[in-house]
Amino acid sequence: MSTPFPFTAVVGQDDLRLALLLNAVSPAVGGVLVRGEKGTAKSTAVRALSALMPEVDVVAGCRFSCAPTSPDPACPDGPHEAGTGTTRPARMVELPVGASEDRLVGSLDIERALADGVKAFEPGLLADAHRGILYVDEVNLLHDHLVDLLLDAAAMGASYVEREGVSVRHAARFLLVGTMNPEEGELRPQLLDRFGLTVEVAASREPDQRVEVVRRRLAYDDDPDGFAARWADEESAVRARIVAARALLPSVRLGDGALRQIAATCAAFEVDGMRADIVMARTATTLAAWAGRTDVLAEDVRQAALLALPHRRRRNPFDAPGLDENKLDETLEEFGGRDQNENDPGNDEDPDPDGPGGGGGQPPQEGPESPEGGDTGAQPEAGEAGQPQASGAGEQQPARAGEPFRTKVLSVPGLGEGAAGRRSRARTEHGRTTGARRPQGALTKLHLAATVLAAAPHQRARGRSGRGLVVRRDDLRQATREGREGNLVLFVVDASGSMAARQRMSAVKGAVLSLLLDAYQRRDKVGLVTFRGSAGEVALPPTSSVDAAAVRLESLPTGGRTPLAAGLLKAHDVLRVERLRDPARRPLVVVVTDGRATGGPEPVALAGRAARLFAAEGVASVVVDCESGPVRLGLAGQLAGELGGTAVTLDELRADSIAGLVRDVQGDSRRAA
């Protein structure tokens with residue numbers, strides 16, 4: 001086994017290290033989500049933490065890591081008698097992005113369960129991680145249903161496996177750590193809220209610190225064991241501090257003053273629900289234990305807020321996580337006048353602003369120098385720069401997007417087999433059962449009725465004598481299910497001079513932003529192609545980061561001629577490349593234009609030929625008609641006909657324009673049939 005990089009040798013990243021250590025002291029804090037750009041030691045720090053975790057006592061031979069002093073009475077390997085066991089290091093288990101549900105929660109032998117009534121259970125990664133660390137790299141790329149299972153187990157401390165009425169339960173308490181690069185897509189707000197703490201990390205811009213990072217990494221790569229030995233004393237000291245903090249934690253007092261500050265802070269930042277209050281209370285208590293104190297101070301509450309609230313303040317997918325520290329300090333000061341260390345509750349009537357609990361808002365020793373402080377303001381300002389990204393005749397400064405609205409559902413016709421999502425019909429692992437088939441590989445979803453029907457004719461030949469059904473593997477039938485898939489929504493946006501009227505372009509950007517919000521909610525990949533002047537340009541290659549598309553859209557300049565054909569051909573190239581990368585994901589092309597074509601020789605004929613390429617390949621498409629004014633030429637409708645799709649106006653795109661109407665994109669009707 002390779003020697004991990006020492007945790008104490010990680011340069012900088014104080015907030016990241018503190019959040020991990022707090023969870024090591026008290027997994028009840030709820031885990032930590034680490035957000036940041038690539039190459040910022042996210043994975044290195046998490047893997048290094050495992051070496052600091054105290055060893056655990058387990059029942060010998062138990063696959064579920066039961067504690068000898070208090071074994072789980074429902075353990076599938078039990079029952080165990082309380083007594084002495086064996087000691088082993090705490091495990092760090094990694095969950096791959098492509099893991100199946102059975103790999104995560106475990107699998108049950110359905111054949112033996114039906115035929116013999118035996119619960120033959122093969123543990124999954126949740127069982128392996130019990131009383132250790134479960135690490136999910138690129139957690140934002142994990143399938144939603146796996147994230148749901150993961151967070152449910154973390155919240156309940158147990159994992160349940162259900163297969164056709166047969167149930168297995170085992171304990172699953174672990175330190176949950178997820179890392180992600182926001183450029184590759186965000187987690188849903190509901191899932192963000194389930195992580196106790198979040199940390200934003202970024203590479204240092206200080207040359208001296210960067211030099212030290214490189215120096216230590218090279219030294220480790222040259223001699224891992226020797227490098228680890230040089231940090232052994234620091235590692236032992238931190239390990240001992242974790243053990244001491246765990247022992248002290250039950251004695252820490254969370255006074256009414258601290259609780260009042262926690263409640264006031266969550267209310268001031270308008271955090272939804274009560275989970276934030278509970279996480280802040282647990283985090284502040286753990287911070288006090290980590291500092292060797294038995295009382296929670298204002299500085300603990302402040303640090304807890306900086307770790308527990310930023311990701312809970314997002315109101316829509318395009319909001320950057322963050323916290324206004326001035327507002328935080330004002331709230332703590334306003335509600336921190338009462339002495340938090342006073343054991344006599346009668347003294348609550350005599351506030352002392354200069355007492356140990358007063359004057360909240362003083363930064364703790366770890367100090368949030370805040371990688372997150374550098375990142376949180378960047379996104380909202382992207383559209384305010386007002387500087388064109390390219391030069392050209394007649395170019396205008398970018399218009400701000402109009403207010404987003406709820407859009408009609410645009411879906412791809414037919415039945416796909418792409419990644420799970422919420423847009424178009426598809427064969428999926430989860431959804432309503434539509435039929436049965438012979439399993440290809442491991443059986444995951446049993447179709448009980450079909451299995452019984454397959455086995456029933458052979459019971460006499462198999463010598464059945466009792467009440468039980470004689471089932472063989474050839475009888476098993478896999479349930480086929482229909483759910484929803486995510487698509488590749490490729491936006492092709494006209495940024496030419498004919499679209500450049502500021503009020504008009506603001507409405508167009510508002511419509512595209514609304515469609516981006518819809519794509520986020522439906523778990524799509526998105527891409528952005530623009531055309532103006534003399535060429536089409538890929539403003540954003542296909543990505544899961546919908547908020548990145550919103551940033552590019554906000555800063556989109558306009559002006560020049562309308563090279564419609566060039567834009568369509570560029571979009572066709574994007575789809576061709578993406579089809580090689582992800583052939584199962586079906587595309588939906590959304591062309592946002594007034595239909596005019598003025599760039600290049602024979603622009604109208606060229607645009608028609610380019611559009612017919614999409615129709616010939618059966619690509620689903622919709623044209624958002626941006627034409628305005630009393631006289632309409634209907635060019636967008638003609639383009640939709642060439643594409644083999646349909647056209648909607650900006651007004652028709654709104655979900656409330658005709659109550660209850662859901663419009664599917666009309667592709668090739670024969671293909672849809």
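For reference, positions follow the sequence shown, starting with 1.
Side-chain contact between Phe174 and Val93 is absent, with no heavy-atom pair separated by less than 4.5 Å. The shortest side-chain heavy-atom distance between Leu134 and Val177 does not fall under the 4.5 Å cut-off. Side-chain atoms of Gln303 and Asp15, non-hydrogen and from C-beta on, do get closer than 4.5 Å to each other. Residues Lys525 and Val489 have side chains not in contact (no heavy-atom distance under 4.5 Å, counting atoms from C-beta outward). Considering only heavy atoms from C-beta on, Asp221 comes within 4.5 Å of Arg217 through its side chain. Counting heavy atoms from C-beta on, the side chains of Leu21 and Val238 come closer than 4.5 Å. The side-chain heavy atoms of Pro542 and Val526, taken from C-beta on, include no pair separated by under 4.5 Å.
Residues Val56 and Pro89 come closest through the heavy atom pair CG2-O, 4.4 Å. The two residues Gly12 and Arg17 make their nearest non-hydrogen contact at O-NE, 3.2 Å. A pairwise comparison of heavy atoms in Ala24 and Arg246 identifies O-NH2, 2.8 Å as the closest pair. Closest heavy-atom contact between Ser159 and Ala172: N-CB, 4.1 Å.
Tyr135 and Ser50 share no side-chain donor-acceptor pair at under 3.5 Å. Side-chain polar atoms of Thr8 and Glu235 form a donor-acceptor pair below 3.5 angstrom.
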_Test log, rule salt bridge (Lys or Arg N to Asp or Glu O under 4.0 Å), inputs Arg63 and Asp128_ = CA-CA 8 Å; Arg63 297 175 297 168; Asp128 292 342; over 6 Å; no
*Could you walk me through whether Asp72 and Arg169 pass the salt bridge (Lys or Arg N to Asp or Glu O under 4.0 Å) check?*
CA-CA 10 Å; Asp72 181 5; Arg169 173 212 166 273; 3.0 Å; yes
*Applying salt bridge (Lys or Arg N to Asp or Glu O under 4.0 Å), run through Arg293 and Asp300 and close with a yes or a no.*
CA-CA 11 Å; Arg293 290 184 270 101; Asp300 301 322; 2.8 Å; yes
*Asp518 and Arg406: salt bridge (Lys or Arg N to Asp or Glu O under 4.0 Å), yes or no, with the steps?*
CA-CA 8 Å; Asp518 183 67; Arg406 190 166 64 90; over 6 Å; no
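Looking at residues two or more places apart in sequence or on another chain, you find no salt bridge (charged side-chain N to carboxylate O under 4.0 Å, His left out) involving Arg131. Residues satisfying the salt bridge (charged side-chain N to carboxylate O under 4.0 Å, His left out) test with Lys42, not counting sequence neighbours, are none. Residues forming a salt bridge (charged side-chain N to carboxylate O under 4.0 Å, His left out) with Arg216 (at least two apart in sequence, or on another chain): Glu212.
The local environment of CD in Glu206 is sparse, with at most 12 non-hydrogen atoms from other residues, nucleotides or ligands closer than 6.0 Å.
Taking the six-membered ring for Trp and thresholds of 30 and 60 degrees, Phe227 and Phe5 have ring planes inclined between 30 and 60 degrees apart.
Checking side-chain atoms of His130 against main-chain N and O of Arg173 turns up a donor-acceptor pair under 3.5 Å.
Asp272 has no carboxylate O lying under 4.0 Å from a charged side-chain N of Arg312, or vice versa, which leaves the two without a salt bridge.
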